[in-house]
Asker: 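Below is a structure I'd like to ask you about.
So that the names make sense, note that chain A is the first sequence line, chain B the second, and so on, each numbered from 1. For the numbers below, each heavy atom of this structure counts, side chains included, while hydrogens, waters and symmetry mates do not.
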Amino acid sequence: MAYNHKEIEHKWQKYWEDNQTFKAPDKSDKPKYYVLDMFPYPSGQGLHVGHPEGYTATDIVSRYKRAKGFNVLHPIGWDAFGLPAEQYAIKTGNNPAGFTNKNVQVFKKQIKSLGFSIDWSREINTTDPEYYKWSQWIFEKLYEKGLAYEDEIMVNWAPDFPGGGIVVANEEVVDGKTERGGYPVYRKPMKQWVLRITAYADRLLDDLEELDWPEAIKEQQRHWIGRSTGASVNFKVDGFDDEIEVYTTRPDTLFGAKYMVLSPEHDLIEKITTPDQAETIAAYQAMVATKSDLERTDLNKDKTGAFTGAYGINPINGEKLPIWIADYVLSSYGTGAIMAVPAHDERDFAFAKKFDLPITPVIAGGDVNEAAYTGDGTHINSGFLDGLNKQEAINTAIDWLEDNHAGHKQVNYRLRDWIFSRQRYWGEPIPVIHWEDGTQTLVPEEELPLRLPEMTQDQLKPSGTGESPLANATEWLNVTREDGVKGRRETNTMPQWAGSSWYFLRYVDPHNSKVLADPEKLKYWMNVDLYVGGAEHAVLHLLYARFWHKFLYDLGVVPTKEPFQKLVNQGMILGENHEKMSKSKGNVVNPDEIVNDYGADTLRVYEMFMGPLTQSKPWSEEGVAGSRRWLDRVWRLLVDDEGKLRDHVTTVNPGDLDKVYNQTVKKVTDDLENMRFNTAISQLMVFVNDAYKSDALPIEYMNGFVQMLAPIAPFLAEELWQKLGNTEGVSYEPWPTYDENQLVENTVEIIFQVNGKVRGKATVAIDIDKDAMVEAAKADDNVQNFINGKEIRKVIAIPGKFVNIVVG
RNA sequence: GCCGCUGUGGCGGAAUUGGCAGACGCGCUGGACUCAAAAUCCAGUGGUGGCAACACCGUGUGGGUUCGACUCCCACCGGCGGCACCA
């Protein structure tokens, strides 16, 4: 009887479900291991082949750890709020919740078909009011601690976004366009909810040190947080009482400041601009306001600006500096104002060249006619800083600024606060009420969850005001206090990142109605020991989740400072043509078809055998077929045409498989520990190849082999395990061990080299001494061809390995 | 421009500490089985030369260290990803 994947996979899927095989108890004497996949968004497209890659990796680790005696938490759930469901609802008139649930059912069925050992009793869904109650609860705590606030700020406004435009977070802007959909983004002042992530900047940066994450991701987060140390310097404005505060990392170049630049949105511009420059300035501001972020950066490296007619006074030498405005100075960084040192800053240099402003070097070393010099050197033209190098001058300048009350040392961050509100229906309502008396309150904790109202297709359509469709939900929207004061609910909802910023905590205690999760259970299960997902979440999800986790740690809700101890990014699976899979290129592979045609075990084996988990690698249909052929081969090794265990599986051990079996246990164990799934599989192949050449297959080795196969191809392994006469499932059977003694041999093959090139080999006793090895080498015919008649200069011999004779 | 990753047969990839480059799989070639084919099993398979033993060349390019380099060092080239006026 041939290997029938459909029958077997159906049988064991049902068995695991009926027996709740993978339910993880909250109380156990076993050590715990928490394995997590990144929260999937249940799209209408279903799984793509990238999903099973990461999921198979975590599933192998989960199954391996169970066999190693760990209590394994391996849950899954749905990050189900988000735009596609809302857009679908507007188009079809269906409720987004219904659409979402349908998608979840598809995902669930697919994931179950792949045999992942998930504890389904812990399934969660961000759109479930019992879940988003706690997202809202965390928001209220942030609000109470002053970390959630509403502010009129410069936001990233994408007016062309379907559904009447949307505000997105800084992290969601890529190349001046929205990350989703690629709509152009404009800077626009709007009143929005903001989370004070900057309050955690230092900790988010410093605590990266202790995480076992890919260096690339840590580096991206470091860069995103962008901590820099410099000085704040106050410049008086000539003829006014006002001062302009600038931030600079190079206070040592203060003597080289030749002009100042304000961002076009700076508060002081209107006040200080001279009447004859007013028109020019206003025109420039208007021009900048219509530019998208893309036009301000990518498309336009050419500097623009306008002169205000006003002058600032350099505190260090009293020099009068013209004050310009230019969009190369960003209002959102530092104070939105700079001192320009054209001799030693590339941007200032370009601007000075264009507008013919003076350039005076204050550090020796460059040629200011050619380019800005940003390197180290001796200070010149700098009064009391003359003769000092860069670092000495920075320190001296800061001391001077502080002594003369003209400035101080200052730390700055690139990171900005997290713009948190979205003008959308299908998200967690922000639990705030705005009262007609101008006050604002939270929805009382005992009234949470604040549920989303049901809405008709018409109501879901954009309100046209840039407000969320919730503004159309009149009944839900308006509230009246006991004292008769009327109020209006906040109509913005939370971004999709809200639900995914803490979901890993809910898996620990998914049905708790009293608290977010029981502290005792959190103490047992946290942290996540292994977190696997794509690298695209490097700064979005992973930074937000760390921020919320640290906040919850400060509240005493969670016991750990960081949520994810070890992070692994799986590589992308490319199309057969080595290009990214996409519908337009027609190279998309549907995992359902592979499961149907070859079986889930084949898909799992193939995706793990393709190459290292972390690397991108191209799909190959031939490769899939090869993986299936190998599983067929495994089946035939143990099962005969009648479907019975083959006769040559015996209790007798002739010993010819001793070595390869023990080697295999050693290598597979080591490889699984280190997530080298491709080489683990190749070792299992080596074992099978040898087993085919053996007349007798010791049942002990066959059991061990099937156990090692089980994490990778669990359906087939359960079936073979049963055929081998085992009555319990394979999942909790203790992992096989190897005998070190079986690995040592009496003889070893050594190589003979002449001048580092291999010229001969010989099999010798394992304990052969150096001299004997050298004698054997010199006696070798081919070695003699290369050493005869030549002077032996040196002989290197490592016992048991090789002899190298150096002649000259 | 800056940062990170990466480059090995026809293809995916392997090589623990600097010690036989190419494990394993795909593809290809040959053989066995078969009336035949498929499937399967067995064997071969980096390039060049040679009947062969064997020799020479070979891990992106150029140099270096070493008895010995895919591995370490220097310089460069290509690919992928990220950031990009952050003062």
Asker: For A:V539, report the nucleic acid contact type (base, sugar-phosphate, nothing); a contact means any heavy atom under 4.0 Å.
Answerer: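 No contact.
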Asker: Scan A:K693 against the nucleic acid and name what it touches under 4.0 Å (heavy atoms): base, sugar-phosphate only, or nothing.
Answerer: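 Sugar-phosphate only.
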Asker: Going through the checks in order, is the side-chain hydrogen bond (donor to acceptor under 3.5 Å, both in side chains) test met by A:S228 and A:Y247?
Answerer: CA-CA 10 Å; A:S228 81; A:Y247 173 71; 2.6 Å; yes
Asker: Please give the nucleotide sitting opposite B:rC85 as a Watson-Crick or G-U wobble pair, both distances under 3.5 Å, or none.
Answerer: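 Paired with no nucleotide.
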Asker: What is the distance, to the nearest angstrom, from the NZ atom on A:K617 to the P atom on B:rU6?
Answerer: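 Rounding to the nearest Å, NZ of A:K617 and P of B:rU6 are 14 Å apart.
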Asker: On the nucleotide B:rU16, are OP1 or OP2 found under 4.0 Å from the side-chain N or O atoms that A:N674 carries?
Answerer: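 For B:rU16, neither OP1 nor OP2 has a side-chain N or O of A:N674 closer than 4.0 Å.
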Asker: Quantified in whole Å, what is the P atom distance between nucleotide B:rG9 and nucleotide B:rG62?
Answerer: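 Comparing P positions in B:rG9 and B:rG62 gives a spacing of 15 Å.
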Asker: Taking any heavy-atom pair under 4.0 Å as a contact, classify A:N689: base, sugar-phosphate, or nothing.
Answerer: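 The residue A:N689 makes sugar-phosphate contact but no base contact.
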Asker: Which of the following nucleotides, B:rG19, B:rG27, B:rG82, is nearest to the side chain of A:R629?
Answerer: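 Among B:rG19, B:rG27, B:rG82, the one nearest the side chain of A:R629 is B:rG27.
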Asker: What nucleic acid atoms does A:S228 come within less than 4.0 Å of, heavy atoms only: base, sugar-phosphate, or nothing?
Answerer: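 Counting heavy atoms under 4.0 Å across all strands, the contact made by A:S228 is with sugar-phosphate only.
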Asker: Tell me: CH2 of A:W213 to P of B:rC5, nearest whole Å?
Answerer: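 Whole-Å distance recorded here is 17 Å.
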Asker: Pairing check on B:rC70: which nucleotide meets the Watson-Crick or G-U wobble criteria with it, both distances under 3.5 Å?
Answerer: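 Paired with no nucleotide.
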Asker: With heavy atoms under 4.0 Å as the rule, sort A:E215 into base, sugar-phosphate or nothing.
Answerer: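 Counting heavy atoms under 4.0 Å across all strands, no contact is made by A:E215.
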Asker: Starting the side chain at C-beta, find the nucleotide from B:rG4, B:rG13, B:rG19 nearest to A:Q753.
Answerer: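 Closest nucleotide among those given: B:rG19.
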Asker: Heavy atoms from C-beta onward define the side chain here; which of B:rC83, B:rG12, B:rA87 lies closest to that of A:H578?
Answerer: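 Closest nucleotide among those given: B:rG12.
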Asker: Taking only N and O in the side chain of A:S616, is any of them less than 4.0 Å away from OP1 or OP2 of B:rG81?
Answerer: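 No, A:S616 has no side-chain N/O under 4.0 Å of OP1/OP2 on B:rG81.
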Asker: Which base sits across from B:rU59 as a Watson-Crick or G-U pair, both distances under 3.5 Å?
Answerer: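 Across all strands, not a single nucleotide pairs with B:rU59.
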Asker: Counting any heavy atom closer than 4.0 Å, what does A:T249 reach on the DNA or RNA strands: base, sugar-phosphate only, or nothing?
Answerer: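 The residue A:T249 makes sugar-phosphate contact but no base contact.
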Asker: Closest approach to the side chain of A:W224, judged atom by atom: which nucleotide of B:rG4, B:rC24, B:rC83 is it?
Answerer: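 The closest nucleotide is B:rC83.
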Asker: Counting side-chain heavy atoms from CB outward, which of B:rA87, B:rC67, B:rA55 is closest to A:R759?
Answerer: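 Of B:rA87, B:rC67, B:rA55, B:rA55 is nearest to the side chain of A:R759.
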Asker: Is the A:Y259-A:F355 ring centre distance short of 6.0 angstrom?
Answerer: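 No, the ring centres sit 6.0 Å or more apart.
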Asker: Side-chain N or O of A:R636 versus OP1/OP2 of B:rC41: is the shortest distance under 4.0 Å?
Answerer: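 Checking B:rC41 against A:R636, a side-chain N or O does come within under 4.0 Å of OP1 or OP2.
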Asker: Count the heavy atoms belonging to other residues, nucleotides or ligands that lie under 6.0 Å from NZ of A:K770, then report whether that count exceeds 12.
Answerer: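 Incorrect, the count does not exceed 12.
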Asker: Base, sugar-phosphate, or nothing: which does A:P612 touch, judged by heavy atoms less than 4.0 Å apart?
Answerer: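 Sugar-phosphate, backbone atoms only, no base.
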Asker: Rounded to the nearest angstrom, tell me the gap between atom NZ in A:K218 and atom C1' in B:rG81.
Answerer: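 Computing the A:K218:NZ to B:rG81:C1' distance gives 19 Å.
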Asker: Going through the checks in order, is the side-chain hydrogen bond (donor to acceptor under 3.5 Å, both in side chains) test met by A:E621 and A:Y606?
Answerer: CA-CA 10 Å; A:E621 189 76 27; A:Y606 174 63; over 6 Å; no
Asker: B:rC42, OP1 or OP2 - any side-chain N/O from A:R633 closer than 4.0 Å?
Answerer: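 For B:rC42, OP1 or OP2 has a side-chain N or O of A:R633 closer than 4.0 Å.
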Asker: Does A:N804 put a side-chain nitrogen or oxygen below 4.0 Å from OP1 or OP2 of B:rG19?
Answerer: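 For A:N804, the contact criterion (side-chain N or O under 4.0 Å from OP1 or OP2 of B:rG19) is not met.
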Asker: Determine which nucleotide pairs with B:rG44, using a 3.5 Å limit on both distances of a Watson-Crick or G-U wobble pair.
Answerer: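 Base partner found: B:rC28.
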Asker: Checking contacts here: which listed nucleotide (B:rA14, B:rC67, B:rC85) is nearest the side-chain heavy atoms of A:K794?
Answerer: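 Of B:rA14, B:rC67, B:rC85, B:rC67 is nearest to the side chain of A:K794.
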Asker: How is A:G626 classified with respect to the nucleic acid when contacts are heavy atoms under 4.0 Å: base, sugar-phosphate, or nothing?
Answerer: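 If one applies the 4.0 Å heavy-atom cut-off, A:G626 turns out to touch the sugar-phosphate alone, with no base involved.
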Asker: Can you tell me which nucleotide in B:rC83, B:rG12, B:rA23 comes closest to the side chain of A:S682?
Answerer: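 The answer is B:rA23, which lies nearest to the side chain.
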Asker: Salt-bridge test for A:K258 and A:D348: reply yes if a basic N is under 4.0 Å from a carboxylate O, no otherwise.
Answerer: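 No salt bridge links A:K258 with A:D348.
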Asker: From B:rC83, B:rG25, B:rA87, pick the nucleotide closest to the side chain of A:H223?
Answerer: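 Of the options given, the side chain of A:H223 lies nearest B:rC83.
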Asker: At under 4.0 Å between heavy atoms, what does A:F687 touch on the DNA or RNA strands: base, sugar-phosphate, or nothing?
Answerer: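 It contacts nothing in the nucleic acid.
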Asker: Quiz question: going by heavy-atom distance under 3.5 Å, is there a donor-acceptor pair between the base of B:rG25 and the side chain of A:E622?
Answerer: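 There is none.
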Asker: Rounded to whole Å, how long is the line connecting atom CE of A:M685 with atom C1' of B:rG13?
Answerer: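 These atoms are roughly 12 Å apart.
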Asker: Scan every strand shown for a Watson-Crick or G-U wobble partner of B:rG78, both distances under 3.5 Å, and answer none if you come up empty.
Answerer: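 Answer to the pairing question: B:rU6, which forms a Watson-Crick or G-U pair with B:rG78.
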Asker: Do the charged groups of A:D632 and A:R628 touch, with an N to O distance under 4.0 Å?
Answerer: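 Looking at A:D632 and A:R628, the cut-off is met.
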Asker: Taking the same atom, P, in B:rG78 and in B:rC67, what whole-Å distance lies between them?
Answerer: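 Rounded to whole Å, the distance is 35 Å.
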Asker: Hey, does the side chain of A:R222 come within less than 4.0 Å of B:rG4's phosphate (OP1/OP2), counting only N and O?
Answerer: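 No, no such contact exists.
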Asker: For the side chain of A:V758, counting heavy atoms from C-beta on, which of B:rC20, B:rG13, B:rC85 is nearest?
Answerer: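 Output: B:rC20.
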Asker: In whole Å, what is the span from the CG atom of A:L415 to the C1' atom of B:rC83?
Answerer: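 The answer, rounded to whole Å, is 15 Å.
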Asker: With syn defined as a glycosidic angle within 90° of 0 and anti as everything else, classify B:rG9.
Answerer: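 The base of B:rG9 is oriented syn (glycosidic angle within 90° of 0).
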Asker: Run the side chain to side chain contact (heavy atoms under 4.5 Å, CB included) check on A:L254 and A:L401 step by step: do they pass?
Answerer: CA-CA 10 Å; A:L254 209 44; A:L401 288 168; 4.0 Å; yes
Asker: Strictly below 4.0 Å: does A:N782 bring a side-chain N or O up to OP1 or OP2 of B:rA55?
Answerer: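 True: A:N782 side-chain N/O within range (under 4.0 Å) of B:rA55 OP1/OP2.
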Asker: Is A:E215 salt-bridged to A:R222, going by a charged N under 4.0 Å from an acidic O?
Answerer: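 Salt bridge: yes.
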Asker: Reckon A:D670 touches a base, only the sugar-phosphate, or nothing at all at heavy-atom distances under 4.0 Å?
Answerer: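 No contact.
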Asker: Give a yes or no on whether the ring-centroid distance for A:F609 and A:W630 is below 6.0 angstrom.
Answerer: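 Centroid separation for A:F609 and A:W630: 6.0 Å or greater.
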Asker: Check every atom of B:rG13, B:rA87, B:rC83 against the side chain of A:Y247 and return the nucleotide holding the closest atom.
Answerer: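 Of the candidates, B:rA87 comes closest.
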Asker: Give the rounded distance in Å between these two atoms: CG of A:N755 and P of B:rC67.
Answerer: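 Rounded to the whole Å, the gap is 11 Å.
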Asker: Which base, if any, makes a Watson-Crick or G-U wobble pair with B:rA15, both distances under 3.5 Å?
Answerer: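 No nucleotide pairs with B:rA15.
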